[in-house]
2 protein chains.
Amino acid sequence: MTAPPVSDQLGLRRANLALLLGTLRAHGPHSRAGLARRTGLTKATASSLVAELTGRGLVRLGEVAPGHGRPAQLVELRPGAVCGIGLEANVDYAALAVLDVAGGTIAQRRVAVDLAGAGYDRAVDLLAALAKEGLAATDGWVAGITVAVPGLVDVDHGVVRLAPNLGWREARLAEDLAGRLAGRPVLVDNDANLSALAEHAAGVAAGTPDLLYLTGEVGVGGGVIAGGALLRGATGFTGEVGHLPLDPVGLPCGCGRRGCWETQVGLAALLREVAPPGDPVADPATDLETRLLLVRDRAAAGDARTLAALDRIGTDLGVGASILVNVLNPAAVVLGGYFALLGEWLAPPARAELAARVLAPDCGGCRLLLSDLGFTAAVLGGAHAALDRVFADPTLAPTDDSDPDPDPRSPQ
Amino acid sequence: MTAPPVSDQLGLRRANLALLLGTLRAHGPHSRAGLARRTGLTKATASSLVAELTGRGLVRLGEVAPGHGRPAQLVELRPGAVCGIGLEANVDYAALAVLDVAGGTIAQRRVAVDLAGAGYDRAVDLLAALAKEGLAATDGWVAGITVAVPGLVDVDHGVVRLAPNLGWREARLAEDLAGRLAGRPVLVDNDANLSALAEHAAGVAAGTPDLLYLTGEVGVGGGVIAGGALLRGATGFTGEVGHLPLDPVGLPCGCGRRGCWETQVGLAALLREVAPPGDPVADPATDLETRLLLVRDRAAAGDARTLAALDRIGTDLGVGASILVNVLNPAAVVLGGYFALLGEWLAPPARAELAARVLAPDCGGCRLLLSDLGFTAAVLGGAHAALDRVFADPTLAPTDDSDPDPDPRSPQ
DNA sequence: GGGCTTAGTTGGGGCGTTAAACTAAGTCCG
DNA sequence: CGGACTTAGTTTAACGCCCCAACTAAGCCC
């Protein structure tokens, strides 16, 4: 998603196209004169750039805005023409999302399937089939395809280093998927990273350049946006927050230690505390979402045991989050996964802990928010990641005068 | 230090000048043809850019490197002509460093003075006097002046929000100092941030784009470089690592809780554990550095009590660091302050904890290093921060043909 | 000493932005 | 109702920067 270097005039043009496109994304429709004012370019240049963006299908002329002088024709991101595709490979489901540059949803689907049991090759086949479904859903141009994977991913090489829950190891997923999709550019990234990206692009914290995404699943996942970009670290393994050592005498964790954060606030902890033995909520045979909704219903009904458990978990959530907020100073912490589903009860005690434990005045300006993207955050983030390629370099999108646009820089 | 936006040809020129300058800083002297090859520019452009950089005093033609064909004239960063000034305001001393673009030290000095007791206005006077000393030490052009302050700093406005040890609050330091220095551009930043910058620019981890700097002082300070840039967070309060809650039943901390990291590994913990009551090491009347050297001598001599204390502190250092490494995935953790001074004994147990607790394979590629910048890291980082202005925009440096260079963008 | 190789310069041309004048299309107000 | 005013957007010429290609420069190899 990092912008290509600017060194020659084509690079300058590219940078200015990206500047306009980014302005439209961040601040909504503008007249050409308005774009010129905001970006510091001249009206002539803005007009020329808008003409090119129109030719590439990225923007269109929309409604007319009257003013004191001649009415302005607003330029806006064009829905439907240029899309990004997100895929998600998870333990018991696969998902697809197709978004256009305007942020509109072209297609979205989730398939229940035992990807972990299917084996790598059949999983790739299934992802390829989903991708083709996405490709068929749009007659526009597809900027790229991004796969969200729960595990450690080498983004630069598109390799899944280790995804324990899927049983994948050193899987050359980008390559294998591109091979089944006529060489289209395929990116691979961690699901929490992509979820953070989705919150940054479109969620409750849209536009916030510094945010921390925390998702409650079997473990606890973390994704960090810092300075408007994903924090990736030296080898792409940032956001390993599940094993914050919070209680030296706590419960044993899969990592071999005791009292890790995810033993306190992970899904297992929730189900254990919320349900007495024999309770249907604790029955692994029942669908997980059904059980979580049951928990929510009980909380809403005021069930004492449930409320006490959620209060305790919310408190521990806040303790762990405060550590991260002290280190990262985000403007927002966004809760996803089951944290969001039960956020109504988790957030108040978590906010109290944050307020008490964050050293910066006024909590460093940090707000605790609940994601409204639900369990689709990762796949939406994938689609956004694909679109970000075009926002960084609009010349990737082909021009409509059937010019195949011999772009000098090879894809992927 | 973020690069100015590129939108017109002057911006393009600026970006290319910066590209060449950055190449010379990162990879040492090059011929003009070599610069062209490495950057992708043409030889003609590289020659033109080098001519301009020479005119601005940033580079010079150095030795001749023979090869197969015509010998190359190497272009190198020019010592002495363009400088950055770093200042440091600390509780019991103030410091000055003047560096040139080639990384050479033009001047460096430390003054023992009770800044906390002096009051803000006299402290600013003293800093201004030090800065003038630095200005007098060079006949070159000064890119800027950066002040390192132990506290919470609003970098954008040059305001010290809160520096408890100095007794400063909402101090408009950049403004006040610039007023005493003929309006020269003054930046203000947190000392740990600037120390991290110094390690990134010139220390044992030079060039590492992702590093974590940890300094042992009264508290524990942290500075994070991520993706080659300082991590600042939403309101500039990143790196508050001293109060990681590591031991719920530990010693009480000034923050009101128990078992914070700095109660385990801060200076007070070291002195307490290392010295029996009545020991000169624990005597607050003695100079701190003297006492620390005494501790080092005892450790070197194999004193059992000292070694046991250092082993315990090193272990706790590693426990806390592992949390940060799991979140940030840096390529290096650099220890500064007293951690570096006693690193010989602290590092081995700390490395063992890191290896055991970091989840990414091979510790995420992270190495634990000891700073060799000593207690000058912050002031050196300040000088580098000032120089970074020129590396980001070489047109800030005036041309030698006495052209006052009416730069469109105002300083500060 | 001639050929080869690589460094660096020169001149012409293309491209993108700028500046300024101009046209376009409304509102405001007497 | 119509002219002045205001703002949007286009046109044209000019300029700056980089690229390309040809050329000169200066050493090494045989």
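Letters A, B, ... are given to chains in the order of the sequence lines, protein chains preceding strands, and every chain is numbered from 1.
Among the nucleotides D/dC18, C/dG26, D/dT10, the one closest to any side-chain atom of A/S47 is D/dT10. Considering only side-chain atoms of B/R70, the nucleotide from D/dA25, D/dG9, D/dC17 that sits closest is D/dA25. Of the candidate nucleotides C/dT9, D/dA8, C/dG16, D/dA8 has the atom lying nearest to any side-chain atom of A/R37.
Nucleic acid contact class of B/S48 (heavy atoms, under 4.0 Å, all strands): none. Looking at heavy-atom distances under 4.0 Å, A/T42 makes contact with a base. As judged by a 4.0 angstrom heavy-atom cut-off over every strand, A/P66 is placed among residues making no nucleic acid contact. The residue B/A44 sits close to a base: some heavy atom pair falls under 4.0 Å.
In terms of position on DNA chain C, the residue among A/L12 and B/G34 whose nearest nucleotide sits closer to the 5' end is B/G34.
With A/D154 contributing its side chain and A/G158 its backbone, the two residues share no donor-acceptor pair below 3.5 Å.
Helix-axis bend for the helix from C/dG1-D/dC30 to C/dG30-D/dC1: the local axis fitted to the five terminal pairs at one end deviates from that at the other end by 0°, rounded to 10°.
Checking B/R13 against B/S48 by side-chain atom types alone, a donor-acceptor pair falls below 3.5 Å. Under 3.5 Å, the side chains of A/T42 and A/T45 contain a donor-acceptor pair of N or O atoms.
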